[in-house]
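Note sheet for the following structure.
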Amino acid sequence: LAKTTQPISMDSYEGQEVNITCSHNNIATNDYITWYQQFPSQGPRFIIQGYKTKVTNEVASLFIPADRKSSTLSLPRVSLSDTAVYYCLVGETGANNLFFGTGTRLTVIP
Amino acid sequence: DAGVTQSPTHLIKTRGQHVTLRCSPISGHKSVSWYQQVLGQGPQFIFQYYEKEERGRGNFPDRFSARQFPNYSSELNVNALLLGDSALYLCASRMAPLGNYNEQFFGPGTRLTVL
């Protein structure tokens, strides 16, 4: 499994765009990049997944450069309810042993 | 629509005891995975079951076992509990073990405290 590195924590003001970068230098050809969000005392929730370039859905965008050795999760105009831990995972689609790491704790400030 | 459900929500046990945690997947989902999340860390994969068969196992001792029933619900059993087994135990379901997305749907977890 490719190891990932993320910042331990980030702070942001409400209404700002937040970019969380994940480093995955050893990503394999068949690996996808997946992001999950977790609130306290809840299970993680899938946010977005991508393989290359840019993926966008109703809650976030995922930017992946050509070398795929890093990726950036972009949250537009965050609100207080976006305060959570965000996990970057790298692995084959359908992999049953996804490695969550310690994640990035995002705190949104009023 | 009901999501993944887990029971009990909280549990307190003493060292040496055993515990059984239960999980019901989303209707139509045939794959169930179990994760352990220690405070301050991300979830760690324990087991995956699909169609009642074990499809994956993480780096956990044999004290941990699981099974899946014909209705796709699952149980996680932990024997000879240690203090270090205190954690949030998460169950996740998905349509099939292999798919185009790494999207799993997690339950709220069972908080196990070992004294």
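Letters A, B, ... mirror the listed sequences (proteins, then strands); counts begin at 1. Values below: all heavy atoms of this structure, side chains included; hydrogens, waters and symmetry mates excluded.
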Exercise. Between CD of B:Gln104 and CZ of A:Phe46, what distance do you get to the nearest 0.5 Å?
Worked result: 10.5 Å
Exercise. What residue in B:Gln37, B:Gln44, B:Gln6, B:Gln41 has the most heavy-atom pairs under 4.5 Å with chain A?
Worked result: B:Gln37
Exercise. Should A:Tyr36 and B:Val4 be counted in the same cluster of Ile, Leu, Val, Met, Phe, Trp and Tyr side chains packed under 4.5 Å apart?
Worked result: no
Exercise. Do you know which of A:Gly43, A:Ser41, A:Pro44 has the most heavy-atom pairs with chain B at a distance under 4.5 angstrom?
Worked result: A:Pro44
Exercise. Does B:Arg63 have any salt bridge (Lys or Arg N to Asp or Glu O under 4.0 Å) partners at least two apart in sequence or in another chain, and if so, which?
Worked result: B:Asp85
Exercise. How long is the span from the CD atom in B:Glu103 to the CZ atom in A:Arg45, to the nearest 0.5 Å?
Worked result: 10.0 Å
Exercise. With sequence neighbours excluded, what pairs up with B:Tyr49 under the ring-ring contact (aromatic ring centres under 6.0 Å, His included) test?
Worked result: none
Problem set entry | Heavy-atom pair count under 4.5 Å with chain A, highest-scoring of B:Pro43, B:Gly109, B:Gly58, B:Gly107 | B:Pro43
For this session: Check whether A:Phe63 and A:Ile27 end up in the same hydrophobic cluster, where Ile, Leu, Val, Met, Phe, Trp and Tyr are linked by side-chain heavy atoms less than 4.5 Å apart.
Result: no
Exercise. Hey, quick one: are B:Leu82 and B:Leu112 part of the same hydrophobic cluster, counting side-chain heavy atoms closer than 4.5 Å, chains of contacts allowed?
Worked result: no
